[in-house]
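One structure is given here, and the rest of the page talks about it.
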Amino acid sequence: MRHGVLRSSHTPQPSFSRGQVSTCVRVTFTARAGHPADANVSRRRSQTHVLPALLAAPATTMTGRAEATTSFNAILPATAHRAGVVPRSSATSSGASFAGFLRLCPRLRFMAENRSKWSGPNRAGILCALHEPPMPGQHLAGLNPPQQEAVETLSGPLLVLAGAGTGKTRVVTCRMAEIVSRGVSPSAICAVTFTNKAAKEMKERVRKTVRLGKKKLQTMVVSTFHSLGLRILRDHGHHLGLRKGANIADESDQLSIMTDVMRESGLARTVIRPNDARWKVSLWKNQGLRPDDALESAELGVESTLAVAYGRYEAELRRQGLLDFDDLILRPLDLFKEAPQVLRGLQDQWHYLLVDEYQDTNGCQYELIKAIGGARRNICCVGDDDQSIYAWRGADPERVLRFTRDFPGAVVVTLEQNYRSTGLILEGANRLITTNTQRREKKLWSALGRGEPIELYIAEDEKDEVDFVTTRAMLLGQKEAMCWEDCAILFRANSQCRPLEQALRARQIPYKVVGTRSFFDRREVRDLLSFVRLAKNPADDAALLRIVNVPPRGIGKSSIDKVLGWAAEDRASAWSTMKRRADDLPARARDGVRSLEEIVTTIEELARVEGVTPAISWLTEATQYRDHLRQTVDDALELQTRLTIVDELEDTARTLEATSGKASLESFLDTLALREQDFGDKEDQSDGITLLTMHAAKGLEFPYVFIVGMEEGILPHRNSIGSEEDDAPDDRAIEEERRLAYVGVTRARQRLFLSYARERTRFGRTVKRTMSRFLEELGLDTLHVTDSTDDTPADPEVGREMLRKIRSRFSGGGPSNVDSETVTDTKGAPDSGAAAPTKKAAWWESMDD
DNA sequence: TAGTCCTGAGTTTTT
DNA sequence: CTCAGGACTA
Ligand SMILES: Nc1ncnc2c1ncn2[C@@H]1O[C@H](COP(=O)(O)OP(=O)(O)OP(=O)(O)O)[C@@H](O)[C@H]1O
């Protein structure tokens, strides 16, 4: 078959989007041999490139089933080898390498999974190879010998220590399946992960692996550490004197409480910013240091004053019946001391504990798990010291290496085969990580062939960089039939996300953002939830203060101060005091208190009787929150955004109750506080490119990965580099950054695109940037580099550089020309606009257009 | 009490 | 540059 250009002749739907192509898009496959540009394309494509293109054609043009199967059978082994995906010896249509090969073909996978009409003999085989593991009940079949050993080691401490993509998580899920298949009740299993995303992913994998009904399955605990801690506190917190309605303090509550206690402790915000103070206190808590311990270990001066403030902070939280995130881990430990019978109960309940990403557990989390493991010590941890990226939060990168000391007699299993990435990606990752000195040496190899080289794009500026990403992504959609959902864009900091979103939106490429906290941190959400919090826990002064006069109801600053004064005298909560002594306030304020009281009690009643959804709807009505917004927000677009946020909050309640039945205010607030549920009603995880930080990406994988901002100052982050005057750069910090880069790189299965910008506009100033040291360490000479200005190596001569810039502005594509390949194809398939996949722009996205 | 204007600080990563 | 929070005035 000749190479050619895929051109959609009917709907502008050149890219392939799962779930959208129920009817075949007609694609003409035009051979373009002889075109001057083709020589270039062919040469470049002679590696794996050709493969997806070939597969894309039959998938869209074929109608007959027989044709489909024969074509696949004919093409697969040969092409696979030619493409370098599978070594010749294993390039057959059966066995593990076939599976590996299939995983690299999103299009094929899509067909096998979604086109029920296609039922050729290979379908079962393909599905079998793709699904994880092959079929429910056959979980052992998809494992290599060391994995099997780990899965079958069912008693005593077990550590799986292995590099990225070696199937550690698969071990965890299959081990759970194995436990269940031996007749153990799923309720005896508790699996813990670090992030919501990972927990969700694991639940999904378990669901596919275990042969169990939904009911039974739900008795199995698969959750994050924090949600596990909260569960324990909710069930048994009364032993600690924990108030029934204890609320979870969000970041801004923590901040305002911290600001208060700092003032009381005589700690000026110029000395240490409240946010930094909060951060430091959180670190103490994560290390398991109580206020006394902190005071003892603190250096004299600011730190010891802060330790005092820490004590007050804790007291204040307790007074208001609040828990901060760290308490969710810390307080269960107190509980176990206070009420050993509770611990014994848990030990009896969970006979099997599993911890994913063990390298990220901090001191307290370790204690928690160890305690629940008890004498049975039936703890299975999987991890990779090279992927430890949470030291800043109290995790100890060496903890995973200490496992055998912490749990004497532990079985340790190591895995060496990487099933995720193609060779060149893996080699780069290995080169990068071996630069670290503090690490355990590991073997890591891949049988997936060399694959494509890692690509590096050197952009002119930040705009050029995002242009590159979107252009390249569209191209991959057109040429390689990339599903949007097979693609992810990774970045170091959340702030890098916005520009990407804008660019994607401009091209109408669908996307989804993972874990951005922006929804929950919106003022509208926090306001409305504060009413709910108050309804649940009248002692929650933080919540009261936020909404006491929102929307304005005549309770001004002086009234509030009065109430706070009385409350302090009586040692009572602000809300109860306010209600009790409303008559001592000015008439307007008194009326305000009465109406607030009415609102709060009604929320509670409504929620109790009818559920959260009506309670929230009623709340927005009763407070006339929407009208309030209409009055205070002038900008029409901004208003629209905020109104939609209110809608989305209602939808969130609705979604929660639709999936798990009538909910209590508590479970609603908890779910939101722990960010366990996506915001709004988008349970229908629409297809789209995934945008997420490298931290959030840990444990996930994508065939196509972009990593942006490969610059000194971003990755490694400048706070980790150490200041210029500082002679001793912080090696530990740099090594963590390097591990972070390693995590990012190892998310990619098939293609990896790195990029950085030569200059960036920050705070209105244009700043020159330099390439990340990690690029050098990955092996710059192995990267396929494309420069924004030219493909020839950068010329130091300034004049010529400028000339090039000018020239590129006039050459049709604008300054954002990607590599020659791109240009060629854009000509072939005239910009058909963004792919069809329509994504209704989510509410929060319309904000900054 | 509520709205407007101005200053100054901000960019790490998660629950 | 942009947004948030503080000071100031009606
Ligand atoms: N024995 C196996 N045969 C074929 N594929 C496998 C095998 N084990 C795991 N895989 C596949 O390899 C990929 C990586 O597996 P998994 O996510 O479990 O790795 P991991 O070690 O947890 O990675 P990370 O360290 O990045 O979290 C997955 O796509 C998984 O399906």
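Note that the structure is a prediction, hence the values are computed from the model and not measured. Residue numbers begin at 1 in each chain, while the letters A, B, ... track the order of the sequences.
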Pi-cation contact, F774(A) with R738(A) (under 6.0 Å, within 45°): no
d(CZ, F325(A); P, dT13(B)) in whole Å: 15 Å
Atom-pair distance (CG on D253(A); C1' on dT15(B)), nearest Å: 14 Å
Nearest-nucleotide comparison on DNA chain B, the residue closer to the 5′ end among A589(A) and R278(A): A589(A)
d(CG, D276(A); C1', dA9(B)) in whole Å: 12 Å
W392(A) ring over dT13(B) six-membered base ring, under 5.5 Å and 30°: yes
For atom CD1 of I248(A) and atom P of dT15(B), their distance in whole Å: 13 Å
Over 12 foreign heavy atoms within 6.0 Å of NZ, K463(A): no
Verdict with supporting geometry, R505(A) and Y511(A), side-chain hydrogen bond (donor to acceptor under 3.5 Å, both in side chains): CA-CA 8 Å; R505(A) 206 154 54 229; Y511(A) 65 89; 3.0 Å; yes
Phosphate contact (dT13(B) OP1 or OP2) by N494(A) side-chain N/O below 4.0 Å: yes
d(CG, D356(A); P, dT15(B)) in whole Å: 14 Å
Sugar-phosphate, base or nothing in reach of R765(A), heavy atoms under 4.0 Å: nothing
Distance test, side-chain N/O of R273(A) to OP1/OP2 of dG10(B), below 4.0 Å: yes
Touch class at under 4.0 angstrom, heavy-atom based, for D326(A) against every strand present: nothing
Polar side-chain contact R675(A)-dT15(B) base: donor and acceptor under 3.5 Å: no
Side-chain N,O (T693(A)) to OP1/OP2 (dT14(B)) below 4.0 Å: yes
Sugar-phosphate only, base, or nothing, as touched by S559(A) at under 4.0 Å among non-hydrogen atoms: sugar-phosphate
Sugar-phosphate only, base, or nothing, as touched by N196(A) at under 4.0 Å among non-hydrogen atoms: sugar-phosphate
Atom-to-atom span, CZ of R588(A) to P of dT1(B) - whole angstrom: 7 Å
Proximal nucleotide (of dT15(B), dT13(B), dA2(B)) relative to the P552(A) side chain: dA2(B)
First encountered from the 5' end of DNA chain B, between P586(A) and K197(A): P586(A)
Spacing between K557(A) atom NZ and dG6(C) atom P, to the nearest angstrom: 10 Å
Touch class at under 4.0 angstrom, heavy-atom based, for S558(A) against every strand present: sugar-phosphate
Exercise: do Q365(A) and E367(A) side chains pair donor with acceptor under 3.5 Å: no
For atom CD of Q359(A) and atom C1' of dT13(B), their distance in whole Å: 15 Å
Lys NZ or Arg CZ of R393(A) over Y390(A) ring: under 6.0 Å, within 45°: yes
Sugar-phosphate, base or nothing in reach of F225(A), heavy atoms under 4.0 Å: nothing
Selection from dG5(C), dT15(B), dT13(B) that lies nearest to any side-chain heavy atom of T195(A): dT15(B)
Stepwise side-chain contact (heavy atoms from CB on, under 4.5 Å) check, L692(A) with V513(A): CA-CA 6 Å; L692(A) 70 183; V513(A) 183; over 6 Å; no
Under 4.0 angstrom between N362(A) side-chain N/O and dT14(B) OP1 or OP2: no
